[in-house]
2 protein chains.
Amino acid sequence: MALSHAIMTALLEDEMSGYELAKAFDVTLGLFWHASHQQIYKELHKLTDKGWLEKEPVVQQGKPDKIVHRLTGAGREALAEWVWGESRMQEAKDDLWVKLYNLSADNISRLSAEIVQRREEMMGRLYLYEKIRRRHYDDPESLPIRRKGIYLALIAGIRQGENFLQWCDEALEFLARAENTATA
Amino acid sequence: MALSHAIMTALLEDEMSGYELAKAFDVTLGLFWHASHQQIYKELHKLTDKGWLEKEPVVQQGKPDKIVHRLTGAGREALAEWVWGESRMQEAKDDLWVKLYNLSADNISRLSAEIVQRREEMMGRLYLYEKIRRRHYDDPESLPIRRKGIYLALIAGIRQGENFLQWCDEALEFLARAENTATA
DNA sequence: CCGAATTATGCAATAAATTGCATAGCCACA
DNA sequence: TGTGGCTATGCAATTTATTGCATAATTCGG
């Protein structure tokens, strides 16, 4: 159960509402994680029941009221313990790879188009994360310890993304050649 | 529902039993996918019920009997249709990234050890996949179309892995420096 | 003959994630 | 006044994945 710990991690420094968490996820953890608001609200209830979070209603003007969530001492402890524990490497499990195993003369242009689409999506993400890196992580050696960890995760994501872009380019060229020889 | 399509993909050329599928998954799709035998057997039943697979008991000598599964015409069609359809990019969702967001003086050596462990695991996988690449995909331009797709997936996985190894090395150095300055 | 390893298949309970639906406050614009 | 968009929270149903358990045939070494 890692989503719960991702949520607690996001709450380490700031208290947040479910809605804010959903957004924060896309921004700060977006290269690694996406969670729907439904999932987040459900998890927030569970964590509150366990005593790892506490909630507080906040009245807002100009917007509907919200409920902010804050890490408790027990939550902090549980999180630290989880960090210490074992974890397993996760596979990509992306449909794209399975689809490529089905490459044929029929679908080659379709799959090429899909790679183009993925490339564009990744470009957008990278643009965002590269901006974050330059703004807030430009001098990694002088960051406080926790930010150093975030930095490492960030560059892992950025490099993975750049690597993917490069693969897309080469794959598209390769597929174009394959398409030509097939129809020649 | 991609596992079902991954299974059908594995059955494109060979008929296989659930047990064999579980193994084949680790070998041929291992960089992208892992599925437990329980999941695979369940999925095989579903696919057979849908008429996308047919099964046949096979008596073996020296081993317990098995039940092999074969793609039907309807299965082939459904698979081709799925390949044509939309798909979304999947995030990594690996605990390691979340853990790094929790880096502290307390856990820095623990997390370093975990990265060392990951590095080793990835080395093992890469060794296997690099061997496959050299043996069967050494001359990608002359492969038949379907094998070209597999080749692209394979090099995507290999590069991702190599990229990860490099990140591990740099991260470990960075963490070592951080640990020294923290205790200095 | 016994135990361990390998081959082979499966059920049940739980957890996690997706999809669809529902509600409601507030703002801006026409 | 109504419509659309953003903010905000949630339920319910279904699908997908994990974990633990259970069974059984066969081989091989001790």
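First the proteins, then the strands, lettered A, B, ... as listed; each starts at 1. From a predicted model like this one, the values you see are computed outputs, not experimental measurements.
Map A/H69 and A/K42 each onto its nearest nucleotide of DNA chain D; the residue landing nearer the 5' end is A/H69. Comparing A/H37 and A/K63 by the nucleotide of DNA chain C that holds the closest heavy atom to each, the one mapping nearer the 5' end is A/H37. Comparing B/P64 and B/K93, the nucleotide of DNA chain C nearest to each residue sits closer to the 5' end for B/P64.
In this structure, B/K46 reaches the sugar-phosphate backbone alone: every heavy-atom distance under 4.0 Å involves primed, P, OP1 or OP2 atoms, never a base. Contact annotation for A/Q60: backbone-only contact, meaning every heavy-atom pair under 4.0 Å involves sugar-phosphate atoms and none involves a base. Among the heavy atoms of the strands lying under 4.0 Å from B/H45 are primed sugar atoms or P, OP1, OP2 only; no base atom is included.
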Audit row: A/S104, A/R110, side-chain hydrogen bond (donor to acceptor under 3.5 Å, both in side chains) steps and yes/no: CA-CA 10 Å; A/S104 72; A/R110 175 70 187 90; over 6 Å; no
Pair B/E120-B/R125, salt bridge (charged side-chain N to carboxylate O under 4.0 Å, His left out): steps then yes or no: CA-CA 9 Å; B/E120 274 166 30; B/R125 292 192 190 195; over 6 Å; no
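A close approach under 4.0 Å does not occur between any side-chain nitrogen or oxygen of B/K23 and OP1 or OP2 of C/dA8. Residue A/S36 places none of its side-chain N or O atoms closer than 4.0 Å to OP1 or OP2 of C/dT19. One finds a side-chain N or O of B/Y19 lying less than 4.0 angstrom from the OP1 or OP2 phosphate oxygen of C/dT7. In this model, the phosphate group of C/dA16 is not approached by any side-chain N or O of A/Q39 to a distance below 4.0 Å at OP1 or OP2.
Atom CD1 in B/I40 sits about 11 Å away from atom P in C/dT9, given to the nearest Å. Separating the CD1 atom of A/I67 from the P atom of C/dG25 is a distance of 15 Å, rounded to the nearest angstrom. Look at CD on B/E43: it is 16 Å from C1' on C/dT9, rounded to the nearest Å. Between B/E56 atom CD and C/dT9 atom P there is a gap of 13 Å when expressed in whole angstrom units. As rounded to whole Å, 12 Å separates atom P of C/dT18 from atom CG of A/D95. One interatomic measurement links the two molecules: CD of B/E86 to C1' of C/dT19, which rounds to 17 Å at whole-angstrom precision. As a whole-Å value, the separation of A/L3 CG from C/dT14 P is 21 Å. In this structure, CD of B/Q38 is placed 13 Å from C1' of C/dT14, rounded to the nearest angstrom.
In this structure a side-chain-to-backbone donor-acceptor pair under 3.5 Å is present from B/W167 to A/L152. Between the side chain of B/K50 and the main chain of B/H45, no donor-acceptor pair closer than 3.5 Å is present. At least one donor-acceptor pair under 3.5 Å links the side chain of A/T181 to the backbone N or O of A/A178.
Aromatic pair B/Y19/B/Y41: centroids not less than 6.0 angstrom apart.
Note on B/R118 versus B/D94: salt bridge recorded, some NZ/NE/NH1/NH2 to OD/OE distance being below 4.0 Å.
Side-chain contact of A/E114 with B/S87: a donor-acceptor pair under 3.5 Å is present, judged by distance alone.
If you walk DNA chain D from 5' to 3' and mark each nucleotide with an atom closer than 4.0 Å to a heavy atom of chain B, the marks span D/dT16 to D/dT27.
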